[in-house]
Amino acid sequence: MAKNKKPQKVKARLIRGFNDRSSSDIRATDEMMGKIQNVFELYGFDPIETPFLEYTDALGKFLPDSDRPNEGVFSLQDEDEQWLSLRYDLTAPLARHVAQNINEITMPYRTYRAGWVFRNEKPGPGRFRQFMQFDADIVGAPNVSADAEMCMMMADTMEALRIKRGDYVIRVNNRKILDGLFEAIGVFDEGQKLSVLRAIDKLDKFGLDGVKLLLGDGRKDESGDFTKGAELNELQIDNVIKFCNPDNFQTSNYEGSLQKDPLKTINYFRSLFENSIYTSGLDELESLAKLVIDSGYGPKGYFSGRIHIDPSVVRGLEYYTGMVYEAELLFDVTNDKGQKVQFGSVGGGGRYDGLIKRFTGQAVPATGFSIGVSRLMSALKNLDRLEKTQMPAPIIVCVMDKSRVADYQKMVMELRKKGIRAEMYQGNPKNFGKQLQYADRRNSPAAIIAGSDEFEQGIIQIKDLVVGKEASQNIKDNEQWKSERPGQFECKRSELVKKILELPAIKAWLNK
RNA sequence: GCCGCCUUAGCUCAGUUGGUUAGAGCGCUAGAAUGUGGAUCUAGAGGUCCCCUGUUCGAUUCAGGGAGGCGGUACCA
């Protein structure tokens with residue numbers, strides 16, 4: 001039997017969780033990031049950039065009691081056998097940068113940065129293994145006012161991205177009140193604490209009933225998989241539910257409608273438990289709430305949904321020490337297949353007073369947040385809330401006569417000088433029809449046609465492809481289509497730029 | 001990690017109750033029409049039917065294992 005004579009073809013494939021980005025995606029993302037950047041600059045933040053790779057120990061990602069990095073990060077060993085890892089967020093590298101340059105940096109240090117981060121974990125809807133984050137941090141700012149400012153900036157950023165007030169919410173919590181809760185209900189085992197926190201974190205996903213199950217024996221999901229619970233007793237469960245049940249949030253009448261009142265809510269929480277860490281967390285939340293309200297970001301006179309106190313916000317468990325906050329979208333998101341998808345938060349952050357101390361031994365208080373640009377992009381795409389920047393395709397100068405290439409290039413140059421995208425056809429010019437087909441498929445606004453006839457007379461043909469496209473709908477017969485040459489007109493060679501500038505498609509773009 | 005569904009042409013998908021040559025639409029290439037896009041017509045290229053092992057005279061089809069994709073769930077800085 002004959003063996004495979006064909007050479008094995010290499011299979012073109014992407015690593016899962018990694019994606020190619022289309023031109024329209026890149027343009028939309030750039031535009032989005034420009035808007036975010038404007039807000040951050042306005043708030044007085046300056047950019048900084050760190051590399052993709054860091055020493056694994058600087059990221060704090062060695063497994064305990066092991067000389068191997070955590071599996072969740074992409075890691076490799078350098079020639080000298082030191083472990084390197086791709087950054088998994090932008091905060092750990094910032095802490096390294098600050099620690100390394102602490103003498104040159106003026107505190108409080110307001111800084112922002114955007115970049116790709118990498119996580120070696122299973123991708124999900126809107127979750128990738130390489131994705132873009134946009135961070136802002138204030139380093140060397142110990143006060144709640146810094147946290148409040150971060151929350152307000154996050155709200156302003158959402159609105160700069162044309163996410164309407166009411167379509168998003170910034171939810172704020174303080175880790176100290178969670179610690180106070182554990183003290184109050186008598187949970188001291190670290191593992192059990194984690195289970196409780198995770199259960200609370202699932203409130204928006206599974207509702208109160210789901211959380212109850214997770215606090216108790218456990219919960220079975222739709223696919224039949226079982227999650228073990230925190231195994232609290234009934235009294236403890238009751239207390240936790242009282243703590244995170246949104247129905248217990250207190251309301252006030254603002255401008256004729258009942259809205260959540262953060263100050264009343266905080267008083268309600270004060271009545272639940274009493275211990276020093278719990279109270280100090282609530283004090284911090286209260287001063288944040290007051291600042292936010294005084295600055296016009298709270299409920300008074302506004303829809304209530306801008307900045308909320310919400311004890312079910314947990315965030316990551318690793319380095320946050322006080323305030324934590326999270327930006328969440330409130331509208332439904334469906335994927336390409338029309339299935340409704342759990343979207344969750346598009347950004348978040350908090351106070352990390354201990355992160356820089358790892359390097360310097362000296363406590364440097366810091367607070368910051370991170371926007372998941374890639375996730376936010378897919379949500380906005382979904383919502384059709386992206387501005388469609390219609391970067392027009394280039395004008396195509398057709399090649400009719402190979403000996404005239406220099407002349408064609410000259411036309412292209414003239415157009416480019418005026419800021420109009422233009423190119424000479426670089427494919428095989430043998431078939432003239434192909435050139436127009438190319439222009440058509442690229443959605444070019446116009447094609448320039450000049451052969452020996454035109455050169456002799458000192459003219460060119462300009463074909464307005466937009467006009468032609470419209471005309472084509474009513475022409476069924478090819479003879480007619482060809483003889484009419486819809487959208488095509490001739491002009492003097494010297495009028496090339498002038499006539500192109502008069503095309504409606506070009507005018508519309510230049511007026512933007 | 002665990003659970004469910006899925007995997008046939010570049011794309012979307014049919015189909016083979018186990019049989020010789022595996023199909024469609026779209027897309028692509030060429031021609032009708034060599035200086036005019038769209039529509040139309042004609043022809044052509046393109047397949048290890050996800051992989052491995054087993055059962056069988058014979059496996060794309062059946063069985064077992066694996067990989068990949070999607071979704072849920074867990075973990076998540």
Side-chain angles (χ1 to χ4, degrees), chain A residues 3-9 11-17 59-61 70-73 85 87-93 95 117-125 127 129 133 194-195 198 201-202 205-206 210 214 218-228 314-320 335-337 339-342 344-345 348-350 352 355 370 396 398-401 429-444 446-447 449-454 461 463-488:
Chain A
K3 290 263 162 144
N4 258 351
K5 274 179 192 153
K6 285 189 206 166
Q8 275 286 2
K9 279 181 284 187
K11 176 133 182 150
R13 56 194 184 136
L14 277 167
I15 302 167
R16 78 168 166 173
L59 298 179
K61 276 298 152 187
N70 184 305
E71 284 178 1
V73 296
S85 295
R87 63 187 181 192
Y88 56 87
D89 70 7
L90 299 175
T91 309
V117 301
F118 304 84
R119 295 188 187 179
N120 189 8
E121 62 192 8
K122 192 194 137 188
R127 294 186 70 134
R129 296 210 289 173
Q133 283 194 337
L194 281 180
S195 306
R198 284 170 193 151
D201 197 34
K202 298 290 184 293
K205 218 168 176 180
F206 303 140
L214 286 170
R219 174 182 179 276
K220 197 184 265 192
D221 71 45
E222 312 164 20
S223 67
D225 194 26
F226 184 76
T227 310
K228 198 168 172 296
V314 174
R315 297 293 301 161
L317 309 164
E318 203 136 336
Y319 53 59
Y320 293 122
N335 67 9
D336 315 338
K337 288 170 188 157
Q339 297 164 294
K340 201 151 131 190
V341 158
Q342 290 281 356
S345 76
Y352 50 98
L355 206 50
S370 172
I396 306 295
C398 298
V399 176
M400 308 277 313
D401 180 350
K430 185 184 65 185
N431 273 326
F432 178 61
K434 285 270 181 290
Q435 305 193 33
L436 287 174
Q437 193 179 57
Y438 170 80
D440 187 49
R441 288 188 181 169
R442 287 209 59 182
N443 267 317
S444 293
I449 303 167
S452 47
D453 299 352
E454 284 82 4
Q461 308 279 345
K463 199 176 194 56
D464 182 335
L465 295 168
V466 179
V467 170
K469 199 162 272 176
E470 275 160 26
S472 77
Q473 316 225 334
N474 302 315
I475 301 179
K476 291 280 164 279
D477 172 60
N478 193 248
E479 290 306 313
Q480 186 195 357
W481 167 253
K482 280 193 173 174
S483 58
E484 270 184 24
R485 296 190 174 171
Q488 188 168 331

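Lettering follows sequence order; numbering is per chain, from 1.
- Lacking a ring centre under 5.5 Å from that of the base six-membered ring together with a plane angle below 30°, A:Y319 does not count as stacked on B:rA77.
- Counting any heavy atom pair closer than 4.0 Å across all strands shown, A:E479 reaches no nucleic acid atom.
- The nucleotide whose nearest atom lies closest to any side-chain atom of A:Y88 is, among B:rA77, B:rA74, B:rU36, B:rA77.
- In this structure, A:K434 reaches the B:rA30 phosphate: one of its side-chain N or O atoms is under 4.0 Å from OP1 or OP2.
- B:rA67 and B:rU40 have their P atoms separated by 46 Å, given to the nearest Å.
- Heavy atoms of A:K202 sit under 4.0 angstrom from primed sugar atoms or phosphate atoms, though from no base atom.
- No donor-acceptor pair closer than 3.5 Å links the side chain of A:N431 to the backbone N or O of A:K434.
- Remark: the separation of the P atoms in B:rU16 and B:rU61 is 14 Å, to the nearest Å.
- When distances run from any side-chain atom of A:K122 to the nucleotides B:rG37, B:rC2, B:rU29, the shortest one goes to B:rC2.
- Contact between the side-chain N/O atoms of A:W481 and the OP1/OP2 oxygens of B:rG37 is found at a separation under 4.0 Å.
- Among B:rG35, B:rA77, B:rG37, the nucleotide with an atom closest to any side-chain atom of A:Q461 is B:rG35.
- Proximity of A:D453 to A:Q461: side-chain heavy atoms (C-beta onward) are nowhere separated by under 4.5 Å.
- A:E71 CD: 12 or fewer foreign heavy atoms inside a 6.0 Å radius.
- A:I449 comes within 4.0 angstrom of a base, heavy atoms only.
- Using atom C1' as the reference point in both B:rA77 and B:rG15, the two lie 49 Å apart (nearest Å).
- Taking atom P on both B:rA14 and B:rG25, the two are 16 Å apart, rounded to the nearest angstrom.
- The listed nucleotides are B:rG69, B:rA77, B:rG37; the one nearest the side chain of A:Q437 is B:rG37.
- Looking at heavy-atom distances under 4.0 Å, A:V73 makes contact with a base.
- Along RNA chain B, the nucleotide nearest A:S452 and the nucleotide nearest A:R16 are compared for position; the residue whose nucleotide lies closer to the 5' end is A:S452.
- In terms of polar N and O atoms assigned as donor or acceptor, the side chain of A:K205 never comes within less than 3.5 Å of the base of B:rU73 in a complementary pairing.
- The side-chain heavy atoms of A:V73 and A:L59, taken from C-beta on, include no pair separated by under 4.5 Å.
- Judged by distance alone, the side chain of A:Q435 and the main-chain N or O of A:F432 form no donor-acceptor pair under 3.5 Å.
- Judged by distance alone, with hydrogens and angles left aside, A:R119 brings a side-chain donor or acceptor within reach of the base of B:rA77, the pair sitting under 3.5 Å.
- Contact of the A:N70 side chain with the A:Y88 side chain is not registered, since no non-hydrogen atoms from C-beta on lie closer than 4.5 Å.
- Across the C1' atoms, B:rG54 and B:rA59 are found 11 Å apart, a figure rounded to whole Å.
- Annotation: B:rG31 and B:rA24 have their C1' atoms spaced 23 Å apart (nearest Å).
- Across all strands, A:D453 comes closer than 4.0 Å to base atoms (heavy-atom distances).
- Applying the 3.5 Å distance criterion, the base of B:rG35 shares no donor-acceptor pair with the side chain of A:K482.
- In this structure, the side chain of A:R129 engages the main chain of A:R16 through a donor-acceptor pair within 3.5 Å.
- One can find a donor-acceptor pair under 3.5 Å joining the base of B:rG35 and the side-chain atoms of A:E454.
- A donor N or O paired with an acceptor N or O is found under 3.5 Å between the base of B:rU36 and the side-chain atoms of A:K463.
- In this structure, of B:rU29, B:rG35, B:rC75, it is B:rC75 that holds the atom nearest to the side chain of A:R198.
- Using a 4.0 Å heavy-atom cutoff across all strands shown, A:Y352 reaches no nucleic acid atom at all.
- The base of B:rU36 is not paired with the side chain of A:Q435 by any donor and acceptor separated by under 3.5 Å.
- Taking 3.5 Å as the limit, the base of B:rA77 and the side chain of A:K61 contain a donor-acceptor pair of atoms between them.
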Fill in: Nucleotide-level pairing of RNA chain B, given in dot-bracket where Watson-Crick and G-U pairs need both distances under 3.5 Å and | marks other strands
(((((((..((((.....[...)))).(((((.......))))).....(((((..]....))))))))))))....

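- If you check every strand for non-hydrogen atoms under 4.0 Å, A:R127 touches a base.
- Only the P atoms considered, B:rU55 is 41 Å distant from B:rG72, to the nearest whole Å.
- Between the A:R219 side chain and the A:L214 main chain, no donor and acceptor come within less than 3.5 Å of each other.
- Rounded to whole Å, the distance from CZ on A:R441 to P on B:rU36 is 17 Å.
- Across all strands shown, A:Q488 has heavy atoms under 4.0 Å from base atoms, whether or not it also approaches the sugar-phosphate.
- Here, B:rA9 and B:rU60 have their C1' atoms 14 Å apart, quoted to the whole Å.
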